[in-house]
Trainee: 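I have a structure I would like to understand better, so I am pasting it below and will then ask my questions one at a time.
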Amino acid sequence: MNSFIGKMLNVDLTSGKIETVSIPTEWAEKYTGQKGLGTRILMEDLDPKTDPLSPQNKIVMTSSIMAGTIVSCSAKLAIATKSPQTGTITDGSIGGHAGAELKYAGYDAICISGKAEELSYLYLDPDKAEIRSAAELKGVGTFETEIRIKEMAGDPQVKVLANGPAGENQVLFSCISTERYRQLGRGGIGAVMGSKNLKAVAIRGWLDVHVPDMKECLKVAKELHAADKIDDAEYEIYTDGTPILVDFSQESGLLPTDNFQEGTFEGFEKINSASMKEVRAAKKACFSCAIACGNYLKGSKSDVEGPEYETIALCGSSIRNDSRDRIIEINSICDDVGLDTISAGAVIAYMMEMTEKGLHDFGIRFGETEKAVEMVRKIAFKEGVGAEGAMGTKKLADKYGGAEFAMHVKGMEIPGYDPRGSWAMGLAYVSAPRGGCHMSAYPIEAEAWGDLDPYTYEGKADLVVGLQNSQFAKFSMGVCDFWPVASDNLAKLYSVTYGGKWTAEEVDIIGERIFNLQRIFNIMAGFDGGDDKLPGRFHQENLKSGPPKDISMPEEAFMKSMQEYYRLRGWDDKGKPTLEKLKALGVEDRFVQQYETYLATS
Amino acid sequence: MKTTIHLKLYAGLQKYASASDDNHPIETGDSVREVLNRLGVPPDKPLLVFINGNRSKATSLLQGEELVKVFPPMRGG
């Protein structure tokens with residue numbers, strides 16, 4: 001099969017109807033795979049006003065053009081849906097082997113809608129696709145679910161995307177797992193699966209994937225491999241993985257501490273990479289990966305692949321937890337029950353601050369890490385106060401107050417970088433389509449760790465726009481974040497895997513087109529520039545330590561910088577893409593018309 | 001004049017020295033790059049340097065007694 005197969009499996013869980021449909025080649029040309037293709041498929045016939053937890057919502061799983069080829073670090077699987085946490089479009093990607101397996105099963109994508117009568121799983125291989133009962137797995141954690149699905153399918157080689165009890169209980173920040181320790185689902189993709197009675201997706205493939213010129217593909221892949229040094233034994237993601245960022249964030253004053261009241265943490269050396277490596281049992285890689293960023297750790301009570309930096313920041317310093325073992329324990333529980341560790345840690349930190357300030361007694365304070373472990377379970381099963389936590393920080397703040405320190409954007413909790421130490425990161429957080437997210441752009445590299453002044457907005461809107469366009473293209477082509485491949489080399493890789501002769505400019509336009517398509521989805525879902533805002537804390541409170549000591553982000557200048565961002569994007573002053581811009585980007589006429597009608601009638 | 005610094009190297013740089021050397025010998029006026037060159041760190045390797053908690057450059061000069069932390073270029077996630 002070609003690297004773009006042109007096939008999607010459509011699954012209606014309500015009727016049980018399963019059919020294979022064609023994906024137009026034009027979609028691959030305009031949106032490539034993963035993030036872009038998922039966005040395009042979702043836009044095809046999902047009303048942006050759809051209730052995310054209704055049967056009408058769709059879950060779109062997509063692989064990429066490069067997945068299953070010789071190209072390194074390019075076999076992730078993406079899922080796009082409408083988020084029950086934010087009401088925006090949300091998408092994310094997962095490592096492991098599922099992305100390549102989907103291609104080997106003969107598909108670029110799976111689109112799931114409806115709601116099954118009983119708890120079910122979808123089984124897919126090149127010969128068959130079936131909805132099967134998973135009733136016996138009700139309430140079972142992701143670790144055991146994966147093992148049991150393999151047994152039920154009678155094939156240990158099946159790749160499983162498993163939902164946990166948090167997703168079944170429709171916790172708004174529930175995510176899914178594969179291969180025990182890889183997760184996907186910021187924005188509550190687990191809850192959407194739960195709402196559809198979908199416990200798991202099991203994929204098995206044995207077909208092959210062809211590229212236009214194997215010799216040329218191998219040559220380019222090898223050259224870029226060497227040029228970008230992704231197999232360099234000194235690459236910090238190879239030697240340490242993301243925990244190395246703990247030291248870095250501490251030095252830069254970015255490490256969220258006590259729910260972002262501080263940017264440095266006294267106990268950071270107990271939870272940094274050096275500490276984690278003391279209990280590292282092994283390293284682990286995804287399909288076709290030359291880096292192997294995964295750290296497999298053995299704690300005193302549990303083991304885990306991780307914790308990644310974000311987990312250490314949000315479930316460590318931000319809740320005043322300097323216990324490595326307890327971070328590992330929280331991480332392991334979150335993975336098994338299916339909770340996003342960023343949001344789980346952030347919600348608990350908010351509850352701690354609310355309790356300490358006497359605004360509402362959630363029965364948990366900073367540093368009470370044993371209670372934090374219990375809270376994670378309570379949230380997953382919506383037990384007692386956990387049922388409140390399961391709402392997420394935005395809804396909790398709407399109910400109890402403390403909005404200025406409810407650390408979210410559009411309802412999605414902010415990850416592990418205090419933007420007061422890297423001002424462009426604030427612009428990236430508010431403009432990311434899915435809410436408080438560090439994946440749309442990572443300007444910290446250029447600011448806090450690079451040559452740009454981190455404490456000015458000057459030139460930052462331009463920086464963030466460029467990074468976002470490039471990242472959106474990269475993630476649509478399926479390349480992992482940890483291969484720092486620039487658009488020119490992405491174009492080379494795309495040319496030898498898809499065919500044709502692509503340029504860096506064309507790659508960036510693909511990214512910009514996808515970014516705009518996600519933006520108009522959100523606009524039509526009811527959002528506008530008024531929602532592009534940070535929690536008040538970042539504007540009103542100065543940090544007290546580290547390089548950003550005595551610094552906060554002036555709100556007026558921030559708003560001005562967002563206006564500059566909108567202008568550079570070709571959007572109006574309310575943050576709405578103009579029709580001219582959408583047309584210039586080649587967004588399909590039907591979407592431009594749908595958007596125009598929305599603007600005229602809203 | 002001979003003196004010492006507290007030197008901490010991170011991630012892949014640790015292969016050039018122990019992770020933490022509280023009494024690393026230098027000459028007053030050495031640059032960070034000169035100190036690292038003597039340890040065998042390639043002269044063209046990009047470095048991120050913090051001296052006493054302040055973001056600094058590899059060309060920054062040392063007087064002695066400083067806490068010097070050196071990272072390779074970072075990638076987030």
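In what follows, every chain begins at residue 1, and chains take the letters A, B, ... in the order their sequences are listed.
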Trainee: For a quick test of reading the model, state the closest non-hydrogen atom pair linking B:Pro72 to A:Phe248 and the distance between them.
Mentor: O-CE1, 4.5 Å

Trainee: Does A:Lys283 NZ have over 12 foreign heavy atoms under 6.0 Å away?
Mentor: yes

Trainee: Looking at every heavy atom in both A:Pro547 and B:Gly53, which two are closest together, and how far apart are they?
Mentor: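 Scanning both residues, the minimum pair turns out to be CG-O, 3.6 Å.
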
Trainee: Measuring heavy-atom distances to chain B, does A:Asp247 have an atom under 4.5 Å in its side chain, in its backbone, in both, or in neither?
Mentor: both

Trainee: Give a yes or no on whether A:Lys549 atom NZ has more than 12 heavy-atom contacts from other residues, nucleotides or ligands under 6.0 Å away.
Mentor: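 Open.
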
Trainee: Please state whether the side chain, the backbone, both or neither of A:Ala274 comes within less than 4.5 Å of a heavy atom of chain B.
Mentor: neither

Trainee: If I compare all heavy atoms of A:Thr239 with all of B:Gly12, which pair ends up nearest, and what's the gap?
Mentor: OG1-N, 3.6 Å

Trainee: Flag yes if more than 12 heavy atoms outside A:Glu266 fall under 6.0 Å of its CD atom; otherwise flag no.
Mentor: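 No, the 6.0 Å shell around CD holds no more than 12 heavy atoms from other groups.
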
Trainee: For A:Lys544, look at atom NZ and say whether over 12 heavy atoms of other residues, nucleotides or ligands are found less than 6.0 Å away.
Mentor: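 Yes.
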
Trainee: Measuring from atom OH of B:Tyr10 to atom CD of A:Glu251, what distance do you get when rounded to the nearest 0.5 angstrom?
Mentor: 6.0 Å

Trainee: Of the listed residues (A:Ala448, A:Pro415, A:Gly450, A:Gly416), which shares the most heavy-atom pairs with chain B below a 4.5 Å separation?
Mentor: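 Option with the greatest count: A:Gly450.
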
Trainee: Nearest 0.5 Å, what's the CG-CZ distance between A:Asp453 and B:Arg55?
Mentor: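 If we round to the nearest 0.5 Å, A:Asp453:CG and B:Arg55:CZ are 11.0 Å apart.
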
Trainee: Hey, are B:Lys15 and A:Glu236 close enough for a salt bridge, meaning a charged N less than 4.0 Å from a carboxylate O?
Mentor: no

